[in-house]
2 protein chains.
Amino acid sequence: MPKRVDHEERRAQIAEALIRVAGRQGLHAVGMRDVAAEAGVSLRLVQYYFETKEKLLFYGLQHLTDRFTARVGARLAAAGPDPGPRATVEALLLASLPTDDESRTFHLLYSSYAILSVTDEALAAQPFIDNPDAAENAMAGLLERAQGAGLADPEADARTEAISLLAMAAAMGTSILVGQRSPEAAIAVLHHHLDRIFTAPGTSERGAGAN
Amino acid sequence: MPKRVDHEERRAQIAEALIRVAGRQGLHAVGMRDVAAEAGVSLRLVQYYFETKEKLLFYGLQHLTDRFTARVGARLAAAGPDPGPRATVEALLLASLPTDDESRTFHLLYSSYAILSVTDEALAAQPFIDNPDAAENAMAGLLERAQGAGLADPEADARTEAISLLAMAAAMGTSILVGQRSPEAAIAVLHHHLDRIFTAPGTSERGAGAN
DNA sequence: CCCTTCATGATACCGTCGTACCACATTGGT
DNA sequence: ACCAATGTGGTACGACGGTATCATGAAGGG
């Protein structure tokens, strides 16, 4: 038999091409020929590894969320070993804002998929990240731990605040994406709420902050 | 000359057809033939009143925002003459949540247009509502008035809180749209923050609230 | 050594979509 | 009464997109 190529790696490579071209032209405007050209392969190859466009799109979503998860993990790791709850929460929120090309593309495409899923049941059935509310649970858990450690307002409802923070980050991310707001303004708003929730004793060095 | 028909009315009627079919199939999947069929007219007619699909889409966005503005105005009027600042703010926020078919369609299509505008400069140049930050200014103004009247926490930064409230409403609206959260849960979170901001003296009847 | 099987390339097909063109009806003005 | 401008319908055209088909190259096993 011939070259015996790693299919999974090839698929990943094509998926990255999909993400790049979709980030440029918009997910709706991407065709198999565009993906093939971007990946430097022939149209037939794209068909070979993903039989149908639908499967390519699904795989693209999966790849997108995987890459984003990895990126957030790296950001957390870069915040040092065992950072405080506030630093962790802040890192999570800031990582989800579209501040550079990669996160801009992620935000754009994730939003595109989400909007698509409203009218496309096949896409809605797809595992959209593990995120029915994984991020929400993680964030709520962090806030509760902070409360337990006396670092956050014990009166606050952790789950409600978690939902609020994530919602604000998401919506302001979109504002940034469409050029309605600057990343700095969004970060300032998030800091405001972190200051409100975290009754920080020694963790009040914010302003010339991390990222 | 022949029938002398009201072009503007005809355009509005076709635009509503566009909105209906786009709400069903998604904005990306709508074609001129679909719009014509939905409006009960011939394809040629759609071409006659909007020469190009792009113009149809632009007009559709305009019509969508007009209808939404009117709807919000009606909601405010329904809240009685000169309601308190909190009731006004609450009405504005709740009106923007996708709780019924009309608001669901609005939220879906507005989000679709917004995402589209990221990669389509012609659409980005369009007056996307009057909303670079009209809603934000209005909301901030309301909060400031409430502070002046001693109804809201005077320590709070009105603009920051306005941005926060609108952002949460927007993001949770999307969560509702994709079926990730119930309208009730979203409303509860919003109420939580209204309770935090408004130091309501007699306005503490919330829970079996307005809408 | 060759044959089977995996991998890849070129290209054809069929549907759809936006747009353009042609034809006709209707009606108000002269 | 006829003409011309407005409104409306039917249909064709060119392009593009996803998918399918045919063909070929490469390599490991009998």
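Side-chain atoms are counted along with the backbone in the values below, which use heavy atoms only and exclude waters and symmetry mates. First the proteins, then the strands, lettered A, B, ... as listed; each starts at 1.
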Of the listed C:dC6, D:dT8, D:dG18, the closest approach to the B:R44 side chain comes from D:dT8
B:F50 atom CZ is separated from C:dG18 atom P, nearest whole Å, by 14 Å
Between B:T119 and A:L108, the two heavy atoms sitting closest are CG2-CD2, 3.9 Å
When rounded to whole Å, the CG to C1' distance for the pair A:L45 and D:dG18 reads 16 Å
note: A:R33, atom CZ; C:dG9, atom P; distance rounded to Å ~ 15 Å
Requested in this report: Check every strand shown and say whether B:V30 touches a base, only sugar-phosphate, or nothing at a heavy-atom separation below 4.0 Å.
Outcome: sugar-phosphate
Could you tell me whether A:R181 and B:E136 have a side-chain N and a carboxylate O separated by less than 4.0 Å?
-> yes
Regarding the side chain of B:M32, the nearest nucleotide among C:dT8, C:dA12, C:dT19 is C:dT19
Atom OH of A:Y48 and atom P of D:dG25 are separated, to the nearest Å, by 17 Å
Ionic contact status for A:R159 with A:E144, cut-off 4.0 Å: no
Against the side chain of A:S42, the closest entry in C:dT19, D:dG9, C:dG9 is C:dG9
field: Side-chain ion pair, A:D101 and A:R24, N-O less than 4.0 Å
entry: no
To the nearest angstrom, the CG-P distance between A:D34 and D:dC16 comes to 11 Å
Exercise for review: Tell me what B:Y49 touches on the nucleic acid: a base, only sugar-phosphate, or nothing, going by heavy atoms under 4.0 Å.
Suggested key: sugar-phosphate
Whole-Å distance, A:L43 CG to C:dC13 P, equals 16 Å
Among C:dT8, C:dA20, D:dT19, the one nearest any side-chain atom of B:Q47 is C:dA20
Rounded to whole Å, NZ of B:K55 lies from C1' of C:dG18 at a distance of 14 Å
Looking at B:R86 and B:D195, does any basic side-chain N land under 4.0 Å from a carboxylate oxygen? yes
Separation of C:dG18 atom C1' from B:L56 atom CG, nearest Å, is 12 Å
